Amino acid sequence: GGVCGLKALTVSLTKLLVGPSSANINNCHGSCAFPLTNGNNHAILLNSHIESGNADERSPCCVPVAYEALEVVDWNADGTFISIKPDAVARECGCR
Amino acid sequence: GGVCGLKALTVSLTKLLVGPSSANINNCHGSCAFPLTNGNNHAILLNSHIESGNADERSPCCVPVAYEALEVVDWNADGTFISIKPDAVARECGCR
Amino acid sequence: LQQKRRCFFQITESTEHNYRQNKKYTAAGSVSGSVQVCETTDCCVGYYRIINGTPKADVLACDRIEKSCPDETCKAQPRINNQFFTCMCSTDLCNGNITWGK
Amino acid sequence: LQQKRRCFFQITESTEHNYRQNKKYTAAGSVSGSVQVCETTDCCVGYYRIINGTPKADVLACDRIEKSCPDETCKAQPRINNQFFTCMCSTDLCNGNITWGK
């Protein structure tokens, strides 16, 4: 399904948080095979190693590499409170 | 094979660079299943979404989250030169 | 000239931490007494905590988090295994009267 | 008192960029004329470029990159599909005489 990139993903938060009921946190999907377009030096070296016949090594994976925070209503024993959750929404993907 | 963590990985560089002949760039291996120990907020929300029955979504992957640079002898049409390659050696792993 | 949404306003001084965080609801509109005039939303919200089986309003305010409120009245929605309930609504002062479903 | 390794030293002024980068080899030991006394390694290295089928020394120096040199003499090892050759060795001035294998 194409090269590694960002896709919208709406998840329900009702079991974890008081609010909001759902949020778009995005997710990363797609191929990280040769030729690697959005990898860093480690991913390039790792892919070259795997292409040289080491198929059993973990190959680069399409994952978020930049995030945004999400403002939520969190909870504790004393009630609810507004909280900023860092690194909650994927903003950019890469091969790592 | 255990939870997501760092393992040594020595790769040959002779096809890509003039020196060194090989280097330990490390790689990340292991499980990112529930309960997630080294994930960020996005990975926790993603795992919760998948555990709720959305098995077709891309699940968190064990990847490098911190790197070191590698000093190498690179090359161009004019000869060889010392070069610092950033993000070449994995230093820490996480579920992303 | 469209009238701005008015919502009941209440934040609980349960602990210093929660109170400090929940003061951020005041950014959604000016508060006078127990009423807030919303500047950034048309939605009122209520967050309720269940204490010994009885709901207690933890926060009433103009919405800052939910971003959507299709219903005119404030219908209770369970959160965190029925430990909390939330409601959102789109009429003036609608968050003062939560409707508890079965 | 152990004697420090001495290596032949040469860096090529091919371009300003490459020359500036390759000045870093001088950090491995003090240079006088065409000889470098290694401070941080026991290895000498040579990097050769193949121009019209003939090897030309691009860099001779105390090692900064390779970190290992099991052989006493400097045996040519191919790099980048035979466009470059490198050799490493562990005796004084051994990088002045590269051995070309078949």
Side-chain angles (χ1 to χ4, degrees), chain A residues 1-32 37-38 61-96, chain C residues 7 9-28 40-41 43-52 54-71 74-89 95 98 101:
Chain A
V3 297
C4 175
L6 199 65
K7 283 191 184 172
L9 172 65
T10 299
V11 300
S12 167
L13 301 176
T14 59
K15 286 180 184 169
L16 300 170
L17 297 166
V18 178
S21 59
S22 67
N24 174 24
I25 63 167
N26 293 323
N27 198 9
C28 296
H29 290 265
S31 166
C32 284
T37 50
N38 43 8
C61 192
C62 178
V63 294
V65 296
Y67 295 92
E68 282 167 11
L70 182 68
E71 194 177 48
V72 301
V73 180
D74 206 346
W75 57 282
N76 57 23
D78 304 305
T80 72
F81 59 96
I82 288 179
S83 174
I84 306 283
K85 300 291 184 187
D87 297 340
V89 180
R91 204 186 68 204
E92 208 179 296
C93 302
C95 294
R96 293 292 184 270
Chain C
C7 304
F9 184 85
Q10 174 189 322
I11 57 176
T12 312
E13 288 193 58
S14 58
T15 62
E16 201 182 318
H17 166 265
N18 290 11
Y19 184 61
R20 188 176 59 240
Q21 290 303 110
N22 288 338
K23 275 187 184 161
K24 293 183 181 176
Y25 288 107
T26 59
T40 58
T41 179
C43 300
C44 300
V45 295
Y47 296 113
Y48 288 77
R49 210 178 139 201
I50 307 300
I51 301 174
N52 298 329
T54 306
K56 182 174 171 300
D58 197 62
V59 168
L60 302 175
C62 296
D63 173 50
R64 182 186 168 94
I65 303 290
E66 306 292 340
K67 309 288 166 66
S68 143
C69 51
D71 292 330
C74 226
K75 293 174 184 164
Q77 299 176 15
R79 296 285 184 267
I80 325 290
N81 286 325
N82 297 314
Q83 292 182 67
F84 294 87
F85 281 80
T86 176
C87 74
M88 303 132 228
C89 52
N95 62 337
I98 191 167

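Letters go in sequence order (proteins before strands), and every chain restarts at 1. Just so it is clear, the structure is predicted and the values come from calculations on it, not from any experiment.
With a threshold of 4.5 angstrom between heavy atoms, V72(A) approaches chain C through N, CA, C or O but not through any side-chain atom. Only the side chain of I84(A) comes within contact range of chain C, with at least one heavy atom under 4.5 Å from a heavy atom of that chain. Neither the backbone nor the side chain of Y19(C) comes within less than 4.5 Å of any heavy atom of chain A. Interface remark: R64(C) contributes backbone and side-chain atoms alike to the contact with chain A (heavy atom separation under 4.5 Å).
For the pair T12(C) and Q10(C), the minimum side-chain heavy-atom distance is below 4.5 Å. Residues N81(C) and K15(A) fail the side-chain proximity criterion, which asks for heavy atoms closer than 4.5 Å.
Checking N76(A) against D74(A) by side-chain atom types alone, no donor-acceptor pair falls below 3.5 Å. Under 3.5 Å, the side chains of N24(A) and T10(A) contain no donor-acceptor pair of N or O atoms.
Between chain A and the options N22(C), D63(C), I80(C), heavy-atom pairs under 4.5 Å are most frequent for I80(C).
Taking the six-membered ring for Trp and thresholds of 30 and 60 degrees, F81(A) and H17(C) have ring planes more than 60 degrees apart, a perpendicular arrangement.
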